[in-house]
Amino acid sequence: MIRQPVQGSVLSLDNVDKTYSRFAKPALDRVSFDVAPGEFFSILGPSGSGKTTILRTIAGFEKPDRGRVMMAGEDVSHIPPNRRDVRTVFQSYALFPHMTVSENVQYPLRMQGMGKAERLIEAGKALELVEMGSFAVRLPHELSGGQRQRVALARAIVSRPKILLLDEPLGALDLRLRQQMQHTLVSLQKELQMAFVYVTHDQSEALSMSNRVLVMREGRIAQLGKPQDLYFEPKSEFVARFVGNSNMLPIDFVRDGETCVAMIGGVRFPGIVENEPRSGKVAVRYDDVTVDAADDGVGADALDGIVENVLFLGTNLEVNVRCGDLTIMSSIPATQTARLASGQPVRVGFNLSRAQVFHV
Ligand SMILES: Nc1ncnc2c1ncn2[C@@H]1O[C@H](COP(=O)(O)OP(=O)(O)OP(=O)(O)O)[C@@H](O)[C@H]1O
Ligand SMILES: [Mg+2]
């Protein structure tokens, strides 16, 4: 199949196949996408789905078996890594231990033959951008993990590549640092107008930072779209589960006069109807599930259940309710739910206006 890369893209993959050994399943199978200049583009997927292989192919460390890698409209498939306008930040920071912070950041410029005075200025600017300006003379072992990752970032952006590849760069950091670094990355990316191709298996990270997200499954593209599209309109059960924190519940549409109404857990939910009787699964996001005390007398469209667990997650509570043989997860604002405790009988309702039905 011939595919025309989108005009003006800074990066395009065009039907890329990659199999590491002839005994293995393909690591990449017909992968095509385009990245716009200055876009924050994330690749999300479970372990082994091919994320790193995509980055290594873009960087030039892996050669596609078939298909092309294009940069700014030019086929770079045969151009070696050091001549591509790309830098990579890895999960492990890989700084040179015997060089100071400043020398580490100057390194790519030295390789390009830039003079010392200019290098020093450029390294200083890059360190300022990641708020590490006052650490220039330290050695890597004199820094914390988060600081080292900032230095690695400064070293990657110092030569102002058009494309920055980031492979789970925040994976080794604790939650608070990770959130701080997310803010740093987003502002940095806006300021530099570089295209970021950001690999993660953390859906919230991908959704919060990106212009678009590519979801990978076993070497294939499961879905590519804006965060809102993936979240509200997952095209498959896989994407709904992976991206949306969704319950996957069996649903049956049973005839009721002109239309067919939805039954979930033996209860009628007139919120969604179909024309034909059939069965499938419905994805209902945790925050579209309401949990009320059984004596609140809410309407009929609700399942009876017993609270199994209540997890306090700060602003939200995650409540796990057993309704017959279904286990239903709900996320509710912590302020509203002082009365919920495990063992308590409750009524579980659904906001089905945003639910997605998948037929089997
Ligand atoms: N050098 C290699 N030789 C052989 N097989 C490999 C090699 N690198 C990766 N693979 C295989 O290719 C597939 C994709 O691997 P890849 O590293 O791209 O996954 P990933 O999505 O980055 O996973 P993770 O989230 O665990 O980093 C896996 O099945 C993996 O075992
Ligand atoms: Mg990987």
Side-chain angles (χ1 to χ4, degrees), residues 11-35 40-70 76-77 80-82 84 86-95 145 148-149 152-153 156 163-175 177-178 181-182 185 195-210 212-225 227 230 234-245:
L11 168 73
S12 300
L13 264 68
D14 180 12
N15 282 301
V16 168
D17 285 351
K18 175 76 191 177
T19 303
Y20 284 103
S21 86
R22 65 196 168 90
F23 305 110
K25 283 203 302 188
L28 299 180
D29 188 358
R30 295 288 174 109
V31 172
S32 298
F33 60 85
D34 303 279
V35 177
F40 202 126
F41 185 93
S42 289
I43 304 176
L44 177 68
S47 185
S49 57
K51 306 181 297 294
T52 296
T53 305
I54 293 180
L55 286 201
R56 291 180 57 81
T57 306
I58 298 170
F61 300 119
E62 300 292 347
K63 218 168 118 25
D65 300 332
R66 257 192 15 195
R68 298 180 300 173
V69 177
M70 320 268 292
V76 297
S77 303
N82 58 353
R84 298 189 186 191
V86 172
R87 296 276 163 193
T88 310
V89 182
F90 298 100
Q91 178 171 359
S92 54
Y93 343 100
L95 298 176
R148 270 179 246 167
Q149 193 57 303
L153 196 56
I163 304 167
L164 185 65
L165 309 178
L166 302 107
D167 197 351
E168 309 226 16
L170 313 184
L173 307 181
D174 69 44
L175 181 64
L177 257 182
R178 216 156 59 212
M181 281 295 284
Q182 287 176 14
L185 282 173
F196 278 20
V197 181
Y198 187 93
V199 161
T200 178
H201 57 250
D202 178 335
Q203 45 108 339
S204 64
E205 206 168 276
L207 295 181
S208 61
M209 297 198 288
S210 319
R212 285 186 306 154
V213 181
L214 174 74
V215 184
M216 290 296 294
R217 178 188 195 184
E218 296 178 2
R220 293 196 182 157
I221 295 180
Q223 195 169 341
L224 167 59
L230 295 177
K235 295 269 184 284
S236 61
E237 200 180 316
F238 174 80
V239 175
R241 269 184 205 280
F242 201 73
V243 174
N245 273 349

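Both counts, for ligands and for their atoms, begin at 1 and track the order of listing.
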Checklist entry - Who are the ring-ring contact (aromatic ring centres under 6.0 Å, His included) partners of Phe33, not counting sequence neighbours? => result Phe41
Item to check | Other residues, nucleotides, ligands: >12 heavy atoms within 6.0 Å of Arg178 CZ | outcome: yes
Checklist entry - If you draw a sphere of radius 2.8 Å around the Mg ion (ligand 2), how many protein N/O/S atoms end up strictly inside it? => result 1
Checklist entry - Any donor and acceptor pair, going by atom type alone, linking the side chain of Asp167 with main-chain N or O of Thr52 inside 3.5 Å? => result no
Next on the checklist: For Asn15, is there any backbone N or O sitting under 3.5 Å from a side-chain donor or acceptor partner on Ser32?
Outcome noted: yes
Item to check | Any side-chain heavy-atom pair of Thr57 and Val16 under 4.5 Å | outcome: yes
Next on the checklist: Tell me whether Asp17 contacts the main-chain N or O of Asp29 through its side chain, where contact means a donor paired with an acceptor under 3.5 Å.
Outcome noted: no
Name the atoms and distances for all side-chain donor-acceptor pairs under 3.5 Å in residues 42-50, with sequence neighbours left out.
unit_1, atom_1, unit_2, atom_2, d
Ser42, OG, Ser210, OG, 2.6
Ser49, OG, Pro46, O, 2.7

Checklist outcome for this item: Correct closest heavy-atom pair for His201 and Phe242 would be O-CZ, 4.1 Å
Next on the checklist: Can you work out which protein residues put a heavy atom within less than 4.0 Å of ligand 1?
Outcome noted: Tyr20, Ala27, Pro46, Ser47, Gly48, Ser49, Gly50, Lys51, Thr52, Thr53, Glu168
Next on the checklist: Do Ile54 and Leu214 make a side-chain contact, defined as non-hydrogen atoms from C-beta onward lying under 4.5 Å apart?
Outcome noted: yes
